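In what follows, a structure is listed as structure tokens, so that the remarks can point back to it.
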Amino acid sequence: GAMISASHNPPEDNGIKFFGADGTKLSDEVEADIEAGLRGTRSAVPDSTWGQHYYRPELISEYAEALQAPLRSTPLDGLRVVLDLAWGAASELAPVVFRALGAEVETLHDRPDGDRINVSCGSTHLERLQGAVLDRRADIGFAFDGDADRVLAVDNFGRCVDGDYILYLWGGELREMGQLPDNLLVSTVMANLGFERAWCQTGGQFIRTPVGDRHVSAEMRRTGAALGGEQSGHIICDRYGVTGDGLQTALHLAAVVRRRGVSLGELVDGSFCTYPQILKNLRVEDRDRRTNWESCEPLQTEIETAKLKMGDRGRVLVRASGTEPLLRVMVEAETDEMASFWVDRLVSSAHRYLVEA
């Protein structure tokens with residue numbers, strides 16, 4: 001399968017996602033081969049077998065039915081929901097499905113528009129949704145990204161509820177129903193330390209992977225985990241599919257709220273406290289410098305200094321974005337002051353040695 005997709009990015013960083021015959025994303029090795037072919041560093045392998053394409057509009061209604069079927073025993077009657085659809089893929093279907101399950105729905109950015117997709121809206125820009133939830137006294141808000149494979153929530157107090165909280169709350173629900181093998185959650189190195197420690201204190205198991213939903217998916221297949229995902233809101237539940245689905249995730253989180261009989265804000269307050277976590281993006285246009293940042297010795301020295309000074313009171317994660325010309329620098333620490341100090345110092349160092357050099 002192939003999807004022309006802005007994912008969570010603005011239009012200028014649009015791209016293509018490919019899926020294998022098993023419905024999962026291609027492996028790193030296959031993607032590297034494709035990119036090498038596109039750059040002319042690898043010859044294409046001739047193949048006399050040609051594919052075919054099919055026009056299957058009925059799949060939309062089948063998909064909608066598959067989303068609703070597991071939740072009909074928990075109708076969303078009366079739940080006031082605001083949906084930020086990011087001018088993207090969820091625009092037409094998400095309101096229909098939520099209303100079919102009984103929710104009262106209001107929408108933002110609710111038409112497909114490739115010129116505005118993800119621009120100051122959706123899961124990467126929650127401000128409009130947070131304001132709308134408060135202004136309209138809604139119970140819950142959901143912000144999708146452009147291709148709707150991820151979602152973030154906003155609680156009734158207007159606070160962001162990210163993928164860590166979604167995993168914790170949905171995971172707890174599945175565990176109570178006996179549907180979470182080994183009480184195991186799979187997340188990435190971006191997951192907040194407060195989330196991991198709280199889950200493990202309840203008797204759960206927790207595995208981290210590199211950033212990227214395909215790494216989460218691969219670890220879930222290896223371990224038999226039923227639920228995994230990313231802080232960014234890309235959640236995979238193997239009971240319902242093999243890849244992330246923001247609309248599915250939003251519906252199930254809304255159902256958790258309805259079953260618990262309390263607000264999302266109360267569920268969040270009763271879950272865990274996050275460690276301050278600051279992520280800053282540095283634009284590095286030079287692709288070689290960006291992708292080979294680990295070979296920059298002065299930057300590595302600064303990172304090791306930060307780790308040594310913080311010890312077990314914090315951690316550092318630096319990585320190159322896979323979809324944008326950005327170096328992402330994240331510092332998590334016991335205090336805001338500690339996290340802010342070290343993230344600023346590392347970003348300054350990266351700018352000096354990767355951008356100005």
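Please read all numbers here as calculations on a predicted model, not as lab measurements. Positions are given from 1 along the sequence. Values below: every heavy atom of this structure, side chains too, minus hydrogens, waters and symmetry copies.
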Show the nearest heavy-atom pair for residues W293 and V318, with the distance to one decimal. CZ2-O, 3.0 Å
So which heavy atom on H8 is nearest to which on N118, and how close? C-ND2, 3.4 Å
Tested for side-chain contact (heavy atoms from CB on, under 4.5 Å) against F341, the lone hit among E337, R345, M338 is R345
Contact summary for L152 and S123, nearest pair of heavy atoms: CD1-O, 3.3 Å
For the residue pair T24 / D22, report whether a side-chain donor-acceptor contact shorter than 3.5 Å exists. yes
Quick one, F142 and T249 - any side-chain contact, counting heavy atoms below 4.5 Å? no
Min side-chain heavy-atom separation T274-D162 under 4.5 Å: no
Passes ring-ring contact (aromatic ring centres under 6.0 Å, His included), Y165 versus F272? Steps please. CA-CA 8 Å; Y165 283 105; F272 61 90; 4.2 Å; yes
Are any of the side-chain nitrogens in E31 or K25 under 4.0 Å away from the carboxylate oxygens of its partner? no
Might you point out which heavy atoms bring A255 and T74 nearest each other, and give the distance in Å? O-CG2, 3.7 Å
In short, L85 meets A90 closest at the heavy-atom pair CD2-O, 3.6 Å
Shortest non-hydrogen contact between K309 and R313, atoms and distance: O-NH2, 3.2 Å
Just to verify, what does D110 make a salt bridge (Lys or Arg N to Asp or Glu O under 4.0 Å) with, not counting sequence neighbours? none
Classify the ring geometry of H252 against Y240: parallel below 30°, tilted from 30° to 60°, perpendicular beyond 60°. tilted
How about Y275 and R315: does a side-chain donor come under 3.5 Å of a side-chain acceptor? no
Salt bridge present between D238 and R221 (N-O < 4.0 angstrom): no
Answer yes when R56 and E58 have at least one side-chain N-carboxylate O distance shorter than 4.0 Å, and no when they do not. yes
Between R159 and D269, is a salt bridge (charged side-chain N to carboxylate O under 4.0 Å, His left out) present by the stated rule, with each step listed? CA-CA 11 Å; R159 301 176 300 188; D269 288 340; 2.9 Å; yes
Using modelled atom types and a 3.5 Å cut-off, is there a donor and acceptor pairing between side-chain atoms of S187 and backbone atoms of G229? yes
Do the side chains of R290 and L354 get nearer than 4.5 Å, heavy atoms only? no
Minimum side-chain heavy-atom gap R116-R111 below 4.5 Å: yes
Heavy-atom side-chain contact between V154 and L134 under 4.5 Å: no
Taking side chain as C-beta onward, heavy atoms only, is Q231 less than 4.5 Å from N192? yes
For the residue pair T202 and Y168, establish whether any side-chain heavy-atom pair is separated by less than 4.5 Å. yes
Side-chain contact, heavy-atom cut-off 4.5 Å: D28 with R214? yes
Donor-acceptor check, side chain of N183 to backbone of Q205, threshold 3.5 angstrom: yes or no? no
